[in-house]
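Note sheet for the following structure.
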There are 2 protein chains.
Amino acid sequence: MLHSEYKLAPKHLISVDCIIFGYDKEELQLLLFNRKIEPQKGRWSLLGGWVNEEESVEDAARRVLKTITGLDDIYMEQVSAFSKPERDPGGRVVSVAFYALIRINEHDIQLVIKNGATWISLNKVPELIFDHNEMLNNALEKLRLKASYEVIGNQLLPESFTILQLRKLYDAIFQKKFDPGNFRKKILSFKVLEKMNKKNMKDSKKGAFYYRFKSNAKKSGLIPVVKTF
Amino acid sequence: MLHSEYKLAPKHLISVDCIIFGYDKEELQLLLFNRKIEPQKGRWSLLGGWVNEEESVEDAARRVLKTITGLDDIYMEQVSAFSKPERDPGGRVVSVAFYALIRINEHDIQLVIKNGATWISLNKVPELIFDHNEMLNNALEKLRLKASYEVIGNQLLPESFTILQLRKLYDAIFQKKFDPGNFRKKILSFKVLEKMNKKNMKDSKKGAFYYRFKSNAKKSGLIPVVKTF
DNA sequence: GCAAAAGTGTTCATAATACACCCATGT
DNA sequence: ACATGGGTGTATTATGAACACTTTTGC
(Lines give C-alpha, C1' and ligand atoms only; values in the text may rest on other atoms or scores of the structure.)
Protein backbone atom coordinates (compact mmCIF):
# COMPACT_ATOMS: atom_id res chain seq x y z
CA MET A 1 0.00 0.00 0.00
CA LEU A 2 1.04 3.58 -0.52
CA HIS A 3 1.59 6.19 2.10
CA SER A 4 -0.56 8.61 0.19
CA GLU A 5 -3.48 6.23 0.34
CA TYR A 6 -3.54 6.05 4.10
CA LYS A 7 -5.35 9.36 4.48
CA LEU A 8 -8.02 8.45 1.98
CA ALA A 9 -8.86 5.01 3.30
CA PRO A 10 -12.02 4.50 5.37
CA LYS A 11 -11.77 4.03 9.09
CA HIS A 12 -13.75 1.61 11.19
CA LEU A 13 -14.72 0.93 14.75
CA ILE A 14 -12.97 -2.16 16.04
CA SER A 15 -14.07 -4.11 19.05
CA VAL A 16 -13.03 -7.28 20.79
CA ASP A 17 -15.45 -9.86 22.14
CA CYS A 18 -14.37 -12.43 24.68
CA ILE A 19 -15.74 -15.93 25.01
CA ILE A 20 -14.76 -16.59 28.62
CA PHE A 21 -14.73 -20.26 29.55
CA GLY A 22 -14.56 -21.57 33.08
CA TYR A 23 -15.15 -25.00 34.57
CA ASP A 24 -17.30 -25.73 37.58
CA LYS A 25 -19.78 -28.37 38.73
CA GLU A 26 -18.57 -30.76 36.07
CA GLU A 27 -19.61 -28.40 33.30
CA LEU A 28 -18.03 -25.81 31.07
CA GLN A 29 -19.27 -22.39 32.09
CA LEU A 30 -19.47 -19.20 30.11
CA LEU A 31 -19.28 -15.69 31.54
CA LEU A 32 -22.12 -13.66 30.05
CA PHE A 33 -23.56 -10.20 30.49
CA ASN A 34 -27.17 -9.28 30.85
CA ARG A 35 -27.69 -5.75 29.58
CA LYS A 36 -29.15 -3.53 32.27
CA ILE A 37 -29.99 -0.63 29.98
CA GLU A 38 -31.36 0.15 26.56
CA PRO A 39 -30.73 -0.61 23.81
CA GLN A 40 -30.93 -4.38 23.91
CA LYS A 41 -31.93 -4.26 27.58
CA GLY A 42 -32.31 -7.69 29.11
CA ARG A 43 -30.47 -9.45 26.32
CA TRP A 44 -27.33 -11.49 26.82
CA SER A 45 -23.94 -10.80 25.31
CA LEU A 46 -20.28 -11.65 25.48
CA LEU A 47 -17.80 -9.35 27.12
CA GLY A 48 -16.83 -6.68 24.61
CA GLY A 49 -14.84 -3.50 24.39
CA TRP A 50 -13.40 -1.03 21.93
CA VAL A 51 -9.90 -1.27 20.62
CA ASN A 52 -7.95 1.90 21.38
CA GLU A 53 -5.65 3.81 19.06
CA GLU A 54 -2.36 2.52 20.27
CA GLU A 55 -3.07 -1.04 21.28
CA SER A 56 -3.27 -4.39 19.58
CA VAL A 57 -6.49 -6.37 19.63
CA GLU A 58 -4.77 -8.77 22.04
CA ASP A 59 -3.99 -5.91 24.41
CA ALA A 60 -7.56 -4.69 24.16
CA ALA A 61 -8.87 -8.14 25.03
CA ARG A 62 -6.49 -8.39 27.99
CA ARG A 63 -7.58 -4.95 29.17
CA VAL A 64 -11.31 -5.71 29.12
CA LEU A 65 -10.72 -9.11 30.71
CA LYS A 66 -8.79 -7.46 33.51
CA THR A 67 -11.49 -4.90 34.21
CA ILE A 68 -14.08 -7.63 34.60
CA THR A 69 -12.15 -10.37 36.37
CA GLY A 70 -9.32 -8.48 38.03
CA LEU A 71 -6.88 -11.00 36.56
CA ASP A 72 -3.68 -10.43 34.61
CA ASP A 73 -2.12 -13.06 32.40
CA ILE A 74 -5.31 -14.67 31.28
CA TYR A 75 -4.88 -17.41 28.72
CA MET A 76 -6.36 -16.28 25.41
CA GLU A 77 -6.55 -17.40 21.81
CA GLN A 78 -7.75 -15.40 18.87
CA VAL A 79 -10.80 -17.01 17.28
CA SER A 80 -11.55 -14.91 14.23
CA ALA A 81 -12.54 -11.48 12.98
CA PHE A 82 -16.26 -10.91 12.43
CA SER A 83 -17.10 -8.12 10.07
CA LYS A 84 -20.39 -8.38 8.26
CA PRO A 85 -21.46 -4.75 7.78
CA GLU A 86 -24.84 -5.38 9.39
CA ARG A 87 -23.64 -7.52 12.28
CA ASP A 88 -24.09 -4.72 14.85
CA PRO A 89 -27.25 -2.63 14.38
CA GLY A 90 -25.60 0.19 16.30
CA GLY A 91 -23.06 0.84 13.61
CA ARG A 92 -20.38 -0.67 11.43
CA VAL A 93 -18.09 -2.49 13.83
CA VAL A 94 -15.47 -5.07 13.04
CA SER A 95 -15.00 -7.35 15.99
CA VAL A 96 -12.19 -9.74 16.76
CA ALA A 97 -13.26 -12.64 18.96
CA PHE A 98 -11.04 -14.27 21.55
CA TYR A 99 -11.66 -17.16 23.81
CA ALA A 100 -10.22 -17.01 27.30
CA LEU A 101 -9.78 -19.75 29.89
CA ILE A 102 -9.94 -18.86 33.54
CA ARG A 103 -9.97 -20.68 36.85
CA ILE A 104 -13.45 -19.96 37.95
CA ASN A 105 -12.66 -19.74 41.64
CA GLU A 106 -9.62 -17.54 41.37
CA HIS A 107 -11.13 -14.45 39.89
CA ASP A 108 -12.70 -11.62 41.78
CA ILE A 109 -16.27 -12.84 41.91
CA GLN A 110 -17.49 -9.62 43.50
CA LEU A 111 -16.03 -7.62 40.66
CA VAL A 112 -17.73 -9.90 38.19
CA ILE A 113 -21.09 -9.54 39.90
CA LYS A 114 -20.69 -5.80 40.19
CA ASN A 115 -20.17 -5.70 36.45
CA GLY A 116 -23.39 -7.55 35.83
CA ALA A 117 -21.78 -10.73 34.61
CA THR A 118 -23.03 -14.24 35.27
CA TRP A 119 -21.56 -17.69 34.85
CA ILE A 120 -23.86 -19.82 32.78
CA SER A 121 -23.36 -23.45 31.92
CA LEU A 122 -22.59 -24.09 28.32
CA ASN A 123 -25.68 -26.16 27.68
CA LYS A 124 -27.92 -23.47 29.12
CA VAL A 125 -26.55 -20.62 27.04
CA PRO A 126 -29.38 -18.32 25.92
CA GLU A 127 -29.68 -16.53 22.62
CA LEU A 128 -27.05 -13.83 22.48
CA ILE A 129 -27.02 -10.48 20.72
CA PHE A 130 -25.55 -9.87 17.28
CA ASP A 131 -23.41 -12.75 16.05
CA HIS A 132 -22.24 -13.73 19.52
CA ASN A 133 -23.65 -17.25 19.32
CA GLU A 134 -21.67 -17.79 16.15
CA MET A 135 -18.56 -16.51 17.90
CA LEU A 136 -19.19 -18.92 20.74
CA ASN A 137 -19.54 -21.87 18.38
CA ASN A 138 -16.31 -20.97 16.61
CA ALA A 139 -14.56 -20.63 19.94
CA LEU A 140 -15.83 -24.01 21.13
CA GLU A 141 -14.61 -25.63 17.96
CA LYS A 142 -11.17 -24.12 18.48
CA LEU A 143 -11.10 -25.17 22.11
CA ARG A 144 -12.01 -28.74 21.17
CA LEU A 145 -9.35 -28.83 18.50
CA LYS A 146 -6.79 -27.62 21.00
CA ALA A 147 -7.92 -30.13 23.62
CA SER A 148 -7.60 -32.89 21.01
CA TYR A 149 -3.94 -32.23 20.48
CA GLU A 150 -2.59 -31.19 23.79
CA VAL A 151 -3.47 -31.81 27.38
CA ILE A 152 -5.40 -28.75 28.44
CA GLY A 153 -6.76 -27.96 31.86
CA ASN A 154 -3.92 -25.95 33.31
CA GLN A 155 -5.96 -22.79 32.82
CA LEU A 156 -9.33 -24.23 33.84
CA LEU A 157 -8.60 -26.52 36.78
CA PRO A 158 -7.02 -25.63 40.11
CA GLU A 159 -3.24 -25.86 40.33
CA SER A 160 -3.51 -29.44 41.54
CA PHE A 161 -6.21 -31.80 40.41
CA THR A 162 -6.97 -35.49 40.12
CA ILE A 163 -7.14 -37.48 36.91
CA LEU A 164 -10.86 -37.81 37.60
CA GLN A 165 -11.27 -34.05 37.58
CA LEU A 166 -9.31 -33.78 34.36
CA ARG A 167 -11.37 -36.53 32.79
CA LYS A 168 -14.61 -34.85 33.76
CA LEU A 169 -13.33 -31.65 32.21
CA TYR A 170 -12.74 -33.56 28.98
CA ASP A 171 -16.15 -35.17 29.30
CA ALA A 172 -17.62 -31.67 29.54
CA ILE A 173 -15.64 -30.29 26.61
CA PHE A 174 -16.50 -33.13 24.26
CA GLN A 175 -19.88 -34.04 25.70
CA LYS A 176 -19.01 -37.69 25.94
CA LYS A 177 -17.75 -40.13 28.55
CA PHE A 178 -14.13 -41.16 28.24
CA ASP A 179 -13.08 -44.58 29.51
CA PRO A 180 -11.44 -44.04 32.91
CA GLY A 181 -8.57 -46.48 32.44
CA ASN A 182 -7.77 -45.57 28.88
CA PHE A 183 -8.01 -41.86 29.56
CA ARG A 184 -5.58 -42.09 32.46
CA LYS A 185 -3.04 -44.05 30.47
CA LYS A 186 -3.27 -41.79 27.46
CA ILE A 187 -2.98 -38.56 29.41
CA LEU A 188 -0.07 -39.78 31.52
CA SER A 189 1.74 -41.04 28.41
CA PHE A 190 2.25 -37.42 27.38
CA LYS A 191 4.37 -36.89 30.47
CA VAL A 192 3.20 -33.34 30.96
CA LEU A 193 1.76 -34.01 34.41
CA GLU A 194 3.62 -34.73 37.62
CA LYS A 195 2.21 -36.68 40.52
CA MET A 196 2.21 -34.84 43.85
CA ASN A 197 2.55 -36.25 47.36
CA LYS A 198 -0.95 -35.24 48.18
CA LYS A 199 -4.14 -37.20 47.90
CA ASN A 200 -7.69 -36.12 47.34
CA MET A 201 -9.82 -38.07 49.85
CA LYS A 202 -13.00 -36.21 49.06
CA ASP A 203 -14.13 -37.73 45.81
CA SER A 204 -13.33 -41.36 46.51
CA LYS A 205 -12.83 -43.72 49.40
CA LYS A 206 -9.43 -44.87 48.32
CA GLY A 207 -8.15 -41.39 47.59
CA ALA A 208 -6.62 -40.19 44.34
CA PHE A 209 -3.24 -38.59 43.91
CA TYR A 210 -3.19 -34.99 42.88
CA TYR A 211 -1.31 -34.05 39.74
CA ARG A 212 -0.13 -30.74 38.36
CA PHE A 213 1.23 -29.58 35.04
CA LYS A 214 4.99 -29.65 34.79
CA SER A 215 6.32 -26.15 34.38
CA ASN A 216 8.52 -27.10 31.43
CA ALA A 217 5.99 -29.31 29.65
CA LYS A 218 6.37 -29.30 25.90
CA LYS A 219 3.44 -29.57 23.58
CA SER A 220 2.64 -32.72 21.72
CA GLY A 221 2.38 -31.45 18.16
CA LEU A 222 -0.22 -33.36 16.24
CA ILE A 223 -0.39 -36.56 18.26
CA PRO A 224 -4.00 -36.92 19.33
CA VAL A 225 -4.71 -36.70 23.04
CA VAL A 226 -8.19 -38.02 22.55
CA LYS A 227 -10.14 -39.17 19.54
CA THR A 228 -13.38 -37.37 19.54
CA PHE A 229 -15.00 -36.89 16.18
CA MET B 1 -21.73 -1.81 24.15
CA LEU B 2 -23.84 1.31 24.22
CA HIS B 3 -25.12 3.29 21.29
CA SER B 4 -23.85 6.45 22.86
CA GLU B 5 -20.35 5.08 23.00
CA TYR B 6 -20.16 4.42 19.30
CA LYS B 7 -19.44 8.04 18.46
CA LEU B 8 -16.67 8.34 21.00
CA ALA B 9 -14.78 5.20 20.12
CA PRO B 10 -11.59 5.42 18.07
CA LYS B 11 -11.60 4.41 14.45
CA HIS B 12 -8.92 2.47 12.65
CA LEU B 13 -7.72 1.67 9.18
CA ILE B 14 -8.40 -1.96 8.34
CA SER B 15 -6.71 -3.84 5.56
CA VAL B 16 -6.69 -7.37 4.28
CA ASP B 17 -3.57 -9.22 3.20
CA CYS B 18 -3.76 -12.33 1.05
CA ILE B 19 -1.37 -15.23 1.13
CA ILE B 20 -2.04 -16.63 -2.33
CA PHE B 21 -0.94 -20.22 -2.79
CA GLY B 22 -0.65 -21.97 -6.11
CA TYR B 23 0.98 -25.21 -7.17
CA ASP B 24 3.29 -25.61 -10.13
CA LYS B 25 6.47 -27.46 -11.02
CA GLU B 26 6.04 -29.75 -8.03
CA GLU B 27 6.27 -26.85 -5.62
CA LEU B 28 3.93 -24.61 -3.69
CA GLN B 29 4.06 -21.13 -5.17
CA LEU B 30 3.25 -17.82 -3.62
CA LEU B 31 2.00 -14.75 -5.47
CA LEU B 32 4.06 -11.77 -4.34
CA PHE B 33 4.37 -8.12 -5.25
CA ASN B 34 7.53 -6.18 -5.81
CA ARG B 35 6.94 -2.53 -5.04
CA LYS B 36 7.66 -0.35 -8.03
CA ILE B 37 7.55 2.93 -6.16
CA GLU B 38 8.58 4.53 -2.91
CA PRO B 39 8.17 4.01 -0.06
CA GLN B 40 9.52 0.49 0.33
CA LYS B 41 10.48 0.44 -3.36
CA GLY B 42 11.93 -2.89 -4.43
CA ARG B 43 10.68 -4.72 -1.40
CA TRP B 44 8.31 -7.68 -1.53
CA SER B 45 4.86 -7.90 -0.05
CA LEU B 46 1.64 -9.86 -0.01
CA LEU B 47 -1.41 -8.67 -1.88
CA GLY B 48 -3.19 -6.15 0.29
CA GLY B 49 -6.06 -3.72 0.17
CA TRP B 50 -8.24 -1.50 2.32
CA VAL B 51 -11.51 -2.65 3.75
CA ASN B 52 -14.33 -0.37 2.62
CA GLU B 53 -17.13 1.02 4.72
CA GLU B 54 -19.85 -1.37 3.75
CA GLU B 55 -18.06 -4.62 3.19
CA SER B 56 -16.87 -7.52 5.33
CA VAL B 57 -13.20 -8.40 5.45
CA GLU B 58 -14.05 -11.50 3.42
CA ASP B 59 -15.64 -9.35 0.73
CA ALA B 60 -12.63 -7.07 0.72
CA ALA B 61 -10.30 -10.03 0.28
CA ARG B 62 -12.43 -11.39 -2.56
CA ARG B 63 -12.43 -7.98 -4.19
CA VAL B 64 -8.66 -7.52 -4.16
CA LEU B 65 -8.16 -11.13 -5.26
CA LYS B 66 -10.47 -10.53 -8.20
CA THR B 67 -8.67 -7.38 -9.31
CA ILE B 68 -5.37 -9.22 -9.42
CA THR B 69 -6.34 -12.64 -10.74
CA GLY B 70 -9.57 -11.93 -12.56
CA LEU B 71 -11.17 -14.85 -10.71
CA ASP B 72 -14.40 -15.05 -8.77
CA ASP B 73 -15.10 -17.73 -6.20
CA ILE B 74 -11.58 -18.11 -4.95
CA TYR B 75 -11.19 -20.50 -2.04
CA MET B 76 -10.15 -18.53 1.04
CA GLU B 77 -9.67 -19.06 4.75
CA GLN B 78 -9.19 -16.40 7.37
CA VAL B 79 -5.84 -16.76 9.07
CA SER B 80 -5.80 -14.17 11.80
CA ALA B 81 -5.98 -10.47 12.58
CA PHE B 82 -2.63 -8.70 12.96
CA SER B 83 -2.75 -5.51 14.93
CA LYS B 84 0.44 -4.51 16.68
CA PRO B 85 0.31 -0.70 16.66
CA GLU B 86 3.75 -0.45 15.07
CA ARG B 87 3.33 -3.20 12.50
CA ASP B 88 2.95 -0.76 9.61
CA PRO B 89 5.30 2.22 9.73
CA GLY B 90 2.91 4.14 7.50
CA GLY B 91 0.23 4.31 10.15
CA ARG B 92 -1.90 2.34 12.55
CA VAL B 93 -3.46 -0.39 10.45
CA VAL B 94 -5.18 -3.53 11.64
CA SER B 95 -4.86 -6.21 9.00
CA VAL B 96 -6.78 -9.43 8.60
CA ALA B 97 -4.83 -12.10 6.76
CA PHE B 98 -6.40 -14.68 4.46
CA TYR B 99 -4.88 -17.50 2.58
CA ALA B 100 -6.24 -18.28 -0.85
CA LEU B 101 -5.79 -21.34 -3.04
CA ILE B 102 -5.88 -20.93 -6.76
CA ARG B 103 -5.28 -23.09 -9.81
CA ILE B 104 -2.18 -21.45 -11.10
CA ASN B 105 -2.95 -21.99 -14.78
CA GLU B 106 -6.51 -20.81 -14.69
CA HIS B 107 -6.04 -17.23 -13.68
CA ASP B 108 -5.35 -14.34 -15.99
CA ILE B 109 -1.58 -14.40 -16.04
CA GLN B 110 -1.39 -11.19 -18.08
CA LEU B 111 -3.44 -9.39 -15.48
CA VAL B 112 -1.15 -10.68 -12.78
CA ILE B 113 1.96 -9.52 -14.60
CA LYS B 114 0.40 -6.15 -15.38
CA ASN B 115 -0.19 -5.74 -11.66
CA GLY B 116 3.44 -6.37 -10.89
CA ALA B 117 2.88 -9.70 -9.23
CA THR B 118 5.17 -12.70 -9.46
CA TRP B 119 4.81 -16.35 -8.58
CA ILE B 120 7.65 -17.39 -6.32
CA SER B 121 8.32 -20.85 -4.99
CA LEU B 122 7.72 -21.21 -1.32
CA ASN B 123 11.28 -22.11 -0.51
CA LYS B 124 12.60 -19.06 -2.33
CA VAL B 125 10.40 -16.53 -0.59
CA PRO B 126 12.36 -13.36 0.17
CA GLU B 127 12.05 -11.17 3.20
CA LEU B 128 8.70 -9.40 3.08
CA ILE B 129 7.60 -6.03 4.39
CA PHE B 130 5.97 -5.49 7.78
CA ASP B 131 4.81 -8.70 9.43
CA HIS B 132 4.06 -10.42 6.13
CA ASN B 133 6.50 -13.27 6.75
CA GLU B 134 4.72 -13.99 10.00
CA MET B 135 1.40 -13.97 8.19
CA LEU B 136 2.79 -16.40 5.66
CA ASN B 137 4.01 -18.75 8.37
CA ASN B 138 0.65 -18.69 10.10
CA ALA B 139 -1.08 -19.35 6.81
CA LEU B 140 1.18 -22.28 6.02
CA GLU B 141 0.51 -23.78 9.40
CA LYS B 142 -3.23 -23.51 8.79
CA LEU B 143 -2.91 -24.99 5.34
CA ARG B 144 -0.93 -27.93 6.71
CA LEU B 145 -3.45 -28.50 9.45
CA LYS B 146 -6.23 -28.50 6.90
CA ALA B 147 -4.35 -30.86 4.59
CA SER B 148 -3.81 -33.18 7.54
CA TYR B 149 -7.49 -33.66 8.13
CA GLU B 150 -9.06 -33.54 4.77
CA VAL B 151 -8.01 -34.34 1.25
CA ILE B 152 -7.15 -30.99 -0.27
CA GLY B 153 -6.09 -30.29 -3.82
CA ASN B 154 -9.41 -29.48 -5.40
CA GLN B 155 -8.47 -25.79 -5.43
CA LEU B 156 -4.81 -26.23 -6.36
CA LEU B 157 -4.78 -29.02 -8.93
CA PRO B 158 -6.53 -29.14 -12.30
CA GLU B 159 -10.04 -30.57 -12.36
CA SER B 160 -8.65 -34.02 -13.09
CA PHE B 161 -5.35 -35.24 -11.77
CA THR B 162 -3.48 -38.43 -11.03
CA ILE B 163 -2.70 -39.81 -7.59
CA LEU B 164 0.93 -39.04 -8.38
CA GLN B 165 0.13 -35.37 -8.85
CA LEU B 166 -1.82 -35.28 -5.62
CA ARG B 167 1.00 -37.02 -3.79
CA LYS B 168 3.54 -34.54 -5.09
CA LEU B 169 1.30 -31.72 -3.92
CA TYR B 170 1.33 -33.27 -0.45
CA ASP B 171 5.09 -33.74 -0.69
CA ALA B 172 5.37 -30.02 -1.43
CA ILE B 173 3.03 -28.97 1.36
CA PHE B 174 4.74 -31.04 4.02
CA GLN B 175 8.25 -31.01 2.59
CA LYS B 176 8.58 -34.75 2.84
CA LYS B 177 8.19 -37.78 0.62
CA PHE B 178 5.09 -39.86 1.20
CA ASP B 179 5.21 -43.56 0.45
CA PRO B 180 3.47 -44.06 -2.93
CA GLY B 181 1.55 -47.21 -1.99
CA ASN B 182 0.46 -46.10 1.45
CA PHE B 183 -0.49 -42.63 0.24
CA ARG B 184 -2.68 -44.05 -2.50
CA LYS B 185 -4.48 -46.42 -0.16
CA LYS B 186 -5.04 -43.79 2.51
CA ILE B 187 -6.32 -41.13 0.13
CA LEU B 188 -8.67 -43.48 -1.68
CA SER B 189 -10.01 -44.81 1.64
CA PHE B 190 -11.65 -41.43 2.21
CA LYS B 191 -13.81 -42.03 -0.85
CA VAL B 192 -13.83 -38.37 -1.83
CA LEU B 193 -12.23 -39.02 -5.22
CA GLU B 194 -13.76 -40.71 -8.23
CA LYS B 195 -11.80 -42.51 -10.90
CA MET B 196 -12.34 -41.23 -14.42
CA ASN B 197 -12.24 -43.17 -17.69
CA LYS B 198 -9.23 -41.22 -18.81
CA LYS B 199 -5.56 -42.04 -18.39
CA ASN B 200 -2.56 -39.83 -18.12
CA MET B 201 0.07 -41.33 -20.44
CA LYS B 202 2.50 -38.47 -20.03
CA ASP B 203 4.04 -39.08 -16.64
CA SER B 204 4.43 -42.85 -16.84
CA LYS B 205 4.73 -45.61 -19.36
CA LYS B 206 1.91 -47.65 -17.95
CA GLY B 207 -0.44 -44.70 -17.67
CA ALA B 208 -2.32 -43.59 -14.57
CA PHE B 209 -6.03 -43.06 -14.22
CA TYR B 210 -7.21 -39.54 -13.67
CA TYR B 211 -9.29 -38.81 -10.61
CA ARG B 212 -11.46 -35.88 -9.63
CA PHE B 213 -13.15 -34.77 -6.44
CA LYS B 214 -16.70 -35.99 -6.03
CA SER B 215 -19.05 -33.04 -6.03
CA ASN B 216 -20.84 -34.22 -2.90
CA ALA B 217 -17.75 -35.28 -0.96
CA LYS B 218 -18.13 -34.90 2.77
CA LYS B 219 -15.28 -33.92 4.98
CA SER B 220 -13.52 -36.39 7.22
CA GLY B 221 -13.74 -34.65 10.57
CA LEU B 222 -10.69 -35.35 12.63
CA ILE B 223 -9.47 -38.57 11.06
CA PRO B 224 -5.94 -37.88 9.89
CA VAL B 225 -5.32 -37.97 6.17
CA VAL B 226 -1.58 -38.05 6.70
CA LYS B 227 0.58 -38.07 9.75
CA THR B 228 3.06 -35.35 9.40
CA PHE B 229 4.30 -33.84 12.63
C1' DG C 1 15.87 -55.74 -21.35
C1' DC C 2 15.60 -51.74 -18.53
C1' DA C 3 13.54 -48.03 -16.12
C1' DA C 4 9.78 -45.89 -13.89
C1' DA C 5 5.48 -45.24 -12.31
C1' DA C 6 0.93 -47.93 -11.40
C1' DG C 7 -1.22 -50.55 -8.48
C1' DT C 8 -1.74 -54.43 -4.98
C1' DG C 9 -0.35 -57.23 -1.20
C1' DT C 10 2.15 -58.61 3.09
C1' DT C 11 4.46 -58.07 7.34
C1' DC C 12 5.46 -55.92 11.60
C1' DA C 13 4.95 -52.43 15.04
C1' DT C 14 2.08 -49.40 17.38
C1' DA C 15 -2.09 -47.53 19.16
C1' DA C 16 -7.05 -47.48 20.31
C1' DT C 17 -10.90 -49.93 22.56
C1' DA C 18 -13.29 -52.55 25.56
C1' DC C 19 -13.12 -54.61 29.35
C1' DA C 20 -11.71 -57.48 33.54
C1' DC C 21 -9.78 -57.23 37.87
C1' DC C 22 -7.82 -56.14 42.32
C1' DC C 23 -7.15 -52.18 45.76
C1' DA C 24 -8.47 -49.07 49.49
C1' DT C 25 -11.72 -47.23 52.36
C1' DG C 26 -15.95 -44.62 54.10
C1' DT C 27 -20.40 -45.81 55.03
C1' DA D 1 -20.45 -56.24 53.13
C1' DC D 2 -20.64 -53.30 49.50
C1' DA D 3 -20.35 -49.43 46.60
C1' DT D 4 -17.20 -46.31 44.46
C1' DG D 5 -13.54 -44.51 42.31
C1' DG D 6 -8.22 -45.66 41.88
C1' DG D 7 -5.22 -47.89 39.38
C1' DT D 8 -3.27 -51.78 36.42
C1' DG D 9 -3.44 -55.42 33.10
C1' DT D 10 -4.94 -57.77 28.89
C1' DA D 11 -7.11 -59.44 24.66
C1' DT D 12 -8.85 -57.73 20.40
C1' DT D 13 -9.00 -54.76 16.71
C1' DA D 14 -7.58 -50.99 13.84
C1' DT D 15 -4.07 -48.26 11.88
C1' DG D 16 0.44 -46.85 10.21
C1' DA D 17 5.09 -47.75 8.12
C1' DA D 18 8.13 -50.29 5.46
C1' DC D 19 8.69 -52.59 1.59
C1' DA D 20 8.16 -56.59 -1.73
C1' DC D 21 6.22 -57.63 -5.98
C1' DT D 22 3.79 -57.75 -10.27
C1' DT D 23 2.06 -54.88 -14.32
C1' DT D 24 2.61 -52.02 -18.24
C1' DT D 25 4.92 -49.81 -21.85
C1' DG D 26 8.19 -46.29 -23.97
C1' DC D 27 12.77 -46.24 -24.78
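Chain naming here is simple, since letters A, B, ... match the order of the sequence lines and numbering starts at 1 in each. In what follows, every heavy atom counts, from backbone to side chain, and hydrogens, waters and symmetry copies are set aside.
- Proximity of a side-chain donor or acceptor of S83(B) to a complementary backbone N or O of V94(B) within less than 3.5 Å is not detected.
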Working for side chain to side chain contact (heavy atoms under 4.5 Å, CB included), residues L32(A) and T118(A): CA-CA 5 Å; L32(A) 293 176; T118(A) 316; 5.6 Å; no
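- Between R87(A) and S95(A) the shortest side-chain heavy-atom distance falls below 4.5 Å.
- Checking dA5(C), dC19(D), dT15(D) against every side-chain atom of K186(B), the shortest atom distance belongs to dT15(D).
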Distances under 3.5 Å only, N/O to N/O: pair up the protein atoms with those of nucleotides 12-14 of chain D.
none

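- Between E77(B) and K142(B) no salt bridge is recorded (no basic side-chain N to carboxylate O distance below 4.0 Å).
- Listed candidates were dC19(C), dC19(D), dA6(C). Nearest to the side chain of N182(B) is dC19(D).
- Counting only distance, with no hydrogens or angles, the side chain of Y23(B) and the backbone of A172(B) share no donor-acceptor pair below 3.5 Å.
- Closest contact between the side chain of R184(A) and the listed nucleotides dT10(C), dA5(C), dT8(D) involves dT8(D).
- Protein atom CZ of F178(A) is 15 Å distant from nucleotide atom C1' of dA18(C), rounded to whole Å.
- Between its two ends, the helix from dG1(C)-dC27(D) to dT27(C)-dA1(D) turns its axis by 10°, counting five pairs per end and rounding to 10 degrees.
- Using a distance-only test at 3.5 Å, with no hydrogens or angles considered, no donor-acceptor pair links the side chain of S121(B) to the main chain of K124(B).
- Checked for salt-bridge contact, K66(B) and D72(B) meet the test: a charged N lies under 4.0 Å from a carboxylate O.
- Mapping D179(A) and G181(B) onto DNA chain C by nearest heavy atom places G181(B) closer to the 5' end of the strand.
- As a whole-Å value, the separation of F183(B) CZ from dA6(C) P is 12 Å.
- With respect to D131(A) and K84(A), no salt bridge is recorded, no charged nitrogen being found less than 4.0 Å from a carboxylate O.
- Rounded to whole Å, atom C1' of dG7(C) lies 12 Å from atom CZ of R167(B).
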Within the sub-3.5 Å range, which N or O atoms of nucleotides 24-27 of chain D have a protein N or O partner, and how far apart are they?
residue : atom : partner : partner atom : Å
dT25(D) : O4'  : K205(B) : O            : 3.4

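- For the pair E150(B) and K146(B), the salt-bridge criterion is met [side-chain N within less than 4.0 Å of a carboxylate O].
- With hydrogens and angles ignored, the 3.5 Å screen pairs no side-chain donor or acceptor of E27(B) with any backbone N or O of L122(B).
- Atom NZ in K177(B) sits roughly 15 Å away from atom P in dA18(D) (whole-Å rounding).
- One can place CG of L188(B) at 8 Å from P of dT8(C), the figure rounded to the nearest angstrom.
- Proximity of a side-chain donor or acceptor of R43(A) to a complementary backbone N or O of N34(A) within less than 3.5 Å is not detected.
- The separation between K198(B) atom NZ and dA6(C) atom P is 16 Å, rounded to whole Å.
- A salt bridge links E26(B) with K168(B): the distance from a Lys NZ or Arg NE/NH1/NH2 to an Asp or Glu carboxylate oxygen falls below 4.0 Å.
- Separating the CG atom of D203(A) from the P atom of dG6(D) is a distance of 8 Å, rounded to the nearest angstrom.
- The NZ-C1' distance, from K202(A) to dT25(C), rounds to 17 Å in whole Å.
- Evaluation of atom-type donor-acceptor distances gives a pair under 3.5 Å for the side chain of K185(A) against the base of dT10(D).
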